[in-house]
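It should be emphasised that the depicted structure is a prediction, and the values quoted were computed from it without experimental measurement. Chain letters run A, B, ... following the sequence lines, proteins first, then strands; residues in each count from 1. All values below were derived from every heavy atom in this structure, side-chain atoms included, with hydrogens, water molecules and symmetry-related copies excluded.
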2 protein chains.
Amino acid sequence: MAERSINPSFMNGVPDLLVLRLLSDREMYGYELVQAIRAVTREAIVLAEGVVYPALHALEAGGLLKSKRKPVNGRTRVYYQTTAAGRRRLEAMTADWSRITNAVAGVIKGEAHVAA
Amino acid sequence: MAERSINPSFMNGVPDLLVLRLLSDREMYGYELVQAIRAVTREAIVLAEGVVYPALHALEAGGLLKSKRKPVNGRTRVYYQTTAAGRRRLEAMTADWSRITNAVAGVIKGEAHVAA
DNA sequence: GTATATACCTATCAGCGAAAGGCATGATGA
DNA sequence: TCATCATGCCTTTCGCTGATAGGTATATAC
């Protein structure tokens with residue numbers, strides 16, 4: 001029933017897109033990503049760790065990210081950065097994202113650019 | 001893996017949103033909606049009948065649409081129109097849609113509006 | 001010394017769009 | 001005439017994926 005989920009649908013593919021985008025600027029670790037997404041979107045999008053960590057693992061398994069372990073203050077952080085393939089995928093996802101969102105935005109605004 | 005699906009992800013909640021939006025202008029029947037979505041989005045979004053019909057039924061079951069059968073040329077068309085609840089839901093979904101897409105767009109553009 | 005923040009992780013679940021079917025009528029055309 | 005396509009409705013099965021809810025461990029703050 002989803003009493004009141006933080007994110008109201010429209011989230012398909014968004015976690016991967018955000019993770020790839022943020023990591024394309026600089027390497028980050030999972031916990032950091034979770035809060036970065038919160039902060040940068042001003043709470044508009046809040047991804048739990050249970051979403052981000054599996055996403056990171058899947059992206060790495062797909063060759064889109066690579067990781068490196070760094071011990072910091074006795075704790076171990078796993079830093080991720082994008083690979084070349086990851087950056088290419090990011091471009092493709094961004095293009096798709098624009099296509100879809102522009103199309104939906106057009107419908108919402110009531111544009112009637114019908115061909116026939 | 002999705003060899004090559006027509007719509008590249010980012011489609012969560014979109015069918016319901018489009019259906020509610022289009023029906024808020026005028027009543028339409030399922031088959032008509034399928035093609036309207038194709039046409040208005042210039043093929044950017046193509047929803048198969050197997051997506052649209054279940055969506056219509058679910059929306060009607062939820063009280064967001066109501067239907068009326070009209071015989072046309074011996075065939076029967078089922079016309080759908082939005083209810084008051086449907087229009088309210090459309091507003092809410094549109095607001096959510098804007099929030100999410102604006103947030104993602106901000107991240108893509110690399111805005112760093114961090115509060116702290 | 002107990003809670004909170006940090007930092008990692010997994011397993012289970014539900015929702016939803018995609019795909020692939022099926023049924024029936026009317027028009028087209030070879 | 002007979003087949004094919006467009007119209008118009010529908011359902012079932014499937015897989016993906018985000019959400020939820022856990023679990024572990026250390027360091028710091030109160």
Side-chain angles (χ1 to χ4, degrees), chain A residues 1-20 27-39 45-62 67-80 93 96 100 104 116, chain B residues 1-20 27-39 45-62 67-80 93 96 100 104 116:
Chain A
M1 285 303 127
E3 273 296 311
R4 195 167 51 91
S5 62
I6 307 282
N7 303 316
S9 213
F10 306 131
M11 292 296 295
N12 202 294
V14 168
D16 283 9
L17 178 55
L18 293 182
V19 165
L20 280 174
E27 66 176 16
M28 299 174 83
Y29 53 98
Y31 196 77
E32 189 183 9
L33 271 166
V34 170
Q35 331 216 100
I37 291 170
R38 259 184 112 101
I45 298 174
V46 176
L47 299 184
E49 300 168 29
V51 172
V52 171
Y53 285 113
L56 287 170
H57 301 156
L59 290 171
E60 185 176 24
S67 67
K68 126 183 70 165
R69 310 185 140 266
K70 281 189 196 171
V72 178
N73 297 337
R75 277 201 206 86
T76 299
R77 289 180 183 164
V78 184
Y79 281 85
Y80 292 88
M93 290 183 72
D96 285 339
I100 300 294
V104 173
Chain B
M1 287 300 131
E3 272 297 312
R4 194 167 51 93
S5 61
I6 306 283
N7 303 316
S9 211
F10 306 130
M11 293 295 296
N12 203 294
V14 168
D16 283 10
L17 178 55
L18 293 182
V19 165
L20 280 174
E27 64 176 17
M28 300 174 82
Y29 53 99
Y31 196 78
E32 190 184 8
L33 271 165
V34 171
Q35 330 216 100
I37 290 168
R38 261 186 111 100
I45 297 175
V46 177
L47 299 184
E49 300 168 30
V51 172
V52 171
Y53 284 113
L56 288 171
H57 302 154
L59 289 171
E60 185 176 24
S67 67
K68 128 183 68 168
R69 309 186 141 265
K70 281 190 195 173
V72 179
N73 299 337
R75 279 200 204 88
T76 297
R77 288 181 183 164
V78 184
Y79 281 85
Y80 292 88
M93 290 182 73
D96 285 339
I100 300 295
V104 173

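By the side-chain hydrogen bond (donor to acceptor under 3.5 Å, both in side chains) test, A:Ser67 pairs with A:Glu60, sequence neighbours left out.
Using a 4.0 Å heavy-atom distance criterion, A:Val72 is classed as making no nucleic acid contact. Among the atoms of the strands shown, base atoms are found under 4.0 Å from some heavy atom of A:Glu49. Backbone-only contact: A:Arg77 has heavy atoms under 4.0 Å from sugar-phosphate atoms and none from a base. Residue contacts for A:Gly50: at a heavy-atom cut-off of 4.0 Å it reaches a base atom on one of the strands shown.
Comparing B:Val78 and A:Pro15 by the nucleotide of DNA chain D whose heavy atom lies nearest to each, the residue mapping closer to the 5' end is B:Val78. Nearest-nucleotide assignment on DNA chain C puts the 5′-proximal partner with A:Asn73, out of A:Asn73 and A:Val51. Place A:Arg75 and A:Asp16 on DNA chain D by their nearest nucleotides, and A:Asp16 ends up nearer the 5' end.
When rounded to the nearest whole Å, the span between NZ of B:Lys70 and P of D:dC9 equals 12 Å. Following rounding to the nearest Å, B:Leu56 (CG) and D:dT11 (P) show an atom-to-atom distance of 11 Å. Summarising the geometry, the separation between CZ on B:Arg38 and P on D:dA6 is reported as 11 Å, rounded to the nearest angstrom. Separating the CG atom of B:Leu33 from the P atom of D:dG8 is a distance of 12 Å, rounded to the nearest angstrom. One interatomic measurement links the two molecules: CG of B:Leu59 to P of C:dG15, which rounds to 15 Å at whole-angstrom precision. Here the P atom of nucleotide C:dA11 and the OH atom of A:Tyr53 are 16 Å apart, to the nearest Å. Following rounding to the nearest Å, B:Asn12 (CG) and C:dA18 (C1') show an atom-to-atom distance of 13 Å. We find that CG of B:Asp96 is positioned 17 Å from P of D:dG18, with the value rounded to whole Å.
Between A:His57 and C:dC8 there is no side-chain polar atom (N or O) within less than 4.0 angstrom of OP1 or OP2. Between C:dT6 and A:Tyr31, a contact under 4.0 Å exists linking OP1 or OP2 to a side-chain N or O.
Between B:Gly30 and B:Val52, the closest heavy-atom pair is O-CG1, 4.1 Å.
The backbone N or O of B:Tyr29 sits less than 3.5 Å from a side-chain atom of B:Glu32, completing a donor-acceptor pair.
In this structure, B:Lys68 fails the cation-pi test against B:Tyr79, since its NZ or CZ atom is not both closer than 6.0 Å to the six-membered ring centre and inside 45 degrees of the ring normal.
Side-chain contact check for B:Ile45 versus A:Ile100: some heavy-atom pair is nearer than 4.5 Å.
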